[in-house]
Number of protein chains: 2
Amino acid sequence: MPIDKALMAGSTTLLVLSLLAEGEKYGYQMIAELARRSDNTFQLKEGTLYPILHALEKEGRVKSFRREAENGRERKYYRITPAGLALLQDKAEEWRLFSEKVNAVVQGCTPVGA
Amino acid sequence: MPIDKALMAGSTTLLVLSLLAEGEKYGYQMIAELARRSDNTFQLKEGTLYPILHALEKEGRVKSFRREAENGRERKYYRITPAGLALLQDKAEEWRLFSEKVNAVVQGCTPVGA
DNA sequence: TGACATACATCGGTCATCTATGTATAATAT
DNA sequence: ATATTATACATAGATGACCGATGTATGTCA
């Protein structure tokens, strides 16, 4: 069973930027990689990813370009920009802080052996 | 600066149930406790909390009752039910899994020294 | 040549939070 | 006295983010 929608909501941009920090990738590939790396916990939909990528590009966080694959097929790749890396830093720190605080509340209330 | 709205979205129910697992509490108190325990990272609004409490009660996850405080003022307290505890178990496990996977992706992409 | 996986794209609906607003009471200050 | 602030609960409407559905197009394989 995949994760609740609302939980995913706040972290998709962080996840996408994280993937792109590794190197340029195309949309379909990102969906597959995210699923693989999370043991299918993250099953990002195309209807979610593409609008995010377009928005990030409009903000200058990523830059897209077309390139032909080995099979002669053209794909749309995305590369992260310096502004994108900066946003990634912010998002990663925000996530770190947030998850730390959630754990503080949850663990503080429900003793470990629950 | 408080945490991004979307990040909060998926975890408010978990946080509320966690607080109530400790003992019965009233609304205003929960907001204050959440802020205190998270070093003001969580600043839940009344417009967010009360609808959540009402929904949880309708589902039988919590039970409300009125009680007079020392100062003669009446407050509406909430107590978690067995069904509420069960939901808390599920939500806590979901959170654990989710945060683990996010960290796996983020850390896998952005080397520690980022 | 039909079926399927790949690959990109967009629209509309749903759902959760926040902002704003309203009510009421107790405590405090002027 | 009375104005202000903190406490305390409540709801309606706006916003924002994801997903489901759908559409297009191409390469591969039987």
Side-chain angles (χ1 to χ4, degrees), chain A residues 1-17 24-36 41-59 62 64-78 91 94-95 98 102, chain B residues 1-17 24-36 41-59 62 64-78 91 94-95 98 102:
Chain A
M1 183 178 51
I3 291 287
D4 181 76
K5 257 197 281 188
L7 252 186
M8 287 295 306
S11 50
T12 45
T13 300
L14 167 63
L15 292 171
V16 168
L17 288 175
E24 46 200 43
K25 293 184 170 59
Y26 60 94
Y28 214 75
Q29 177 186 13
M30 290 186 235
I31 290 174
E33 282 214 21
L34 222 44
R36 188 178 55 74
T41 301
F42 301 142
Q43 302 180 11
L44 204 59
K45 301 307 186 307
E46 292 157 278
T48 305
L49 177 62
Y50 290 118
I52 287 176
L53 287 173
H54 300 161
L56 284 173
E57 178 154 40
K58 199 150 75 176
E59 290 173 14
V62 301
S64 74
F65 56 98
R66 295 194 165 272
R67 185 202 290 155
E68 207 161 324
E70 319 77 43
N71 53 12
R73 186 169 189 151
E74 204 176 56
R75 287 178 187 143
K76 192 169 177 183
Y77 285 81
Y78 290 86
K91 291 273 183 190
E94 185 186 33
W95 163 257
F98 172 72
V102 170
Chain B
M1 183 177 52
I3 292 287
D4 181 76
K5 257 196 283 187
L7 252 187
M8 286 295 306
S11 50
T12 46
T13 300
L14 167 64
L15 293 172
V16 168
L17 288 175
E24 46 201 41
K25 293 185 171 59
Y26 59 94
Y28 214 75
Q29 177 186 14
M30 289 186 235
I31 290 175
E33 282 214 23
L34 224 43
R36 187 179 56 75
T41 301
F42 301 142
Q43 301 179 12
L44 204 58
K45 300 306 186 305
E46 291 157 278
T48 306
L49 177 63
Y50 290 118
I52 288 175
L53 287 173
H54 301 161
L56 284 174
E57 177 154 39
K58 199 150 74 177
E59 289 173 13
V62 302
S64 74
F65 56 97
R66 296 194 164 273
R67 186 202 291 155
E68 208 160 325
E70 318 77 44
N71 53 14
R73 186 167 190 155
E74 204 176 55
R75 287 178 186 140
K76 192 170 177 182
Y77 283 82
Y78 290 87
K91 290 274 182 189
E94 186 185 33
W95 163 256
F98 172 71
V102 170

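Every chain is numbered from 1 and lettered A, B, ... according to where its sequence line falls, protein lines coming before strand lines. Reckoned from all heavy atoms, side chains included, excluding hydrogens, waters and symmetry mates.
OP1 or OP2 of dT10(C) sits under 4.0 Å from a side-chain N or O of His54(A). Proximity of Lys45(B) to the phosphate of dC18(C): no side-chain N or O atom is located under 4.0 Å from OP1 or OP2.
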### Query
What string of B, S and - do you get for nucleotides 2-7 of chain D 5' to 3' if you count protein non-hydrogen atoms under 4.0 Å?
-----B
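Summarising the geometry, the separation between CD on Glu74(A) and P on dG27(D) is reported as 11 Å, rounded to the nearest angstrom. Whole-Å rounding puts the Leu44(A) CG to dA17(D) C1' distance at 12 Å. When the C1' atom of dC9(D) is taken as reference, atom CD of Gln29(B) falls 14 Å away, rounded to whole Å. Separating the CD atom of Glu57(A) from the P atom of dC8(C) is a distance of 13 Å, rounded to the nearest angstrom. At whole-Å resolution of the value, CD1 in Ile52(B) and P in dA16(C) are 9 Å apart. One atom, CD1 of Ile31(A), and another, P of dC8(C), lie 8 Å apart when rounded to the nearest Å. What separates CG of Leu56(B) from P of dA16(C) is a distance of 11 Å, to the nearest Å. Per the geometry, OH belonging to Tyr77(B) stands 11 Å off C1' belonging to dA8(D), to the nearest Å.
Within the 4.0 angstrom heavy-atom criterion, only backbone atoms of the sugar-phosphate kind lie near Tyr78(B); the bases stay farther away.
Nearest nucleotide to the side chain of Lys76(A), out of dA10(D), dA17(D), dC8(C): dC8(C).
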In residues 51-58 of chain B, what donor-acceptor pairs under 3.5 Å come from side-chain atoms, sequence neighbours left out?
residue	atom	partner	partner atom	Å
His54(B)	ND1	Tyr50(B)	O	3.3
Glu57(B)	OE1	Ser64(B)	OG	3.1
Glu57(B)	OE2	Ser64(B)	N	2.8
Glu57(B)	OE2	Ser64(B)	OG	2.9

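Heavy-atom distances to DNA chain C give each of Tyr50(A) and Gly10(B) a nearest nucleotide, and the one nearer the 5′ end belongs to Tyr50(A).
Taking Arg67(B) as the reference, Glu24(B) meet the side chain to side chain donor-acceptor pair (under 3.5 Å) condition, with sequence neighbours excluded. Every residue two or more places apart in sequence or in another chain that forms a side chain to side chain donor-acceptor pair (under 3.5 Å) with Lys25(B) is listed here: Glu22(B).
Residues Met30(A) and Val16(A) meet the side-chain proximity criterion, which asks for heavy atoms closer than 4.5 Å.
The aromatic rings of Phe65(B) and Tyr77(B) lie parallel to each other, their planes meeting at an angle below 30°, with 60° marking the opposite boundary.
Taking all atoms of both residues into account, the shortest heavy-atom contact from Leu7(B) to Phe98(A) is O-CZ, 3.4 Å. Closest non-hydrogen pair, Lys91(A) versus Thr13(A), comes out as CE-CG2, 4.2 Å.
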Grab the N/O contacts between the protein and nucleotides 12-14 of chain C below 3.5 Å, and write none if there aren't any.
none

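Consecutive Watson-Crick or G-U pairing (both distances under 3.5 Å) extending over three or more pairs maps onto DNA chain C as C:1-30 with D:1-30.
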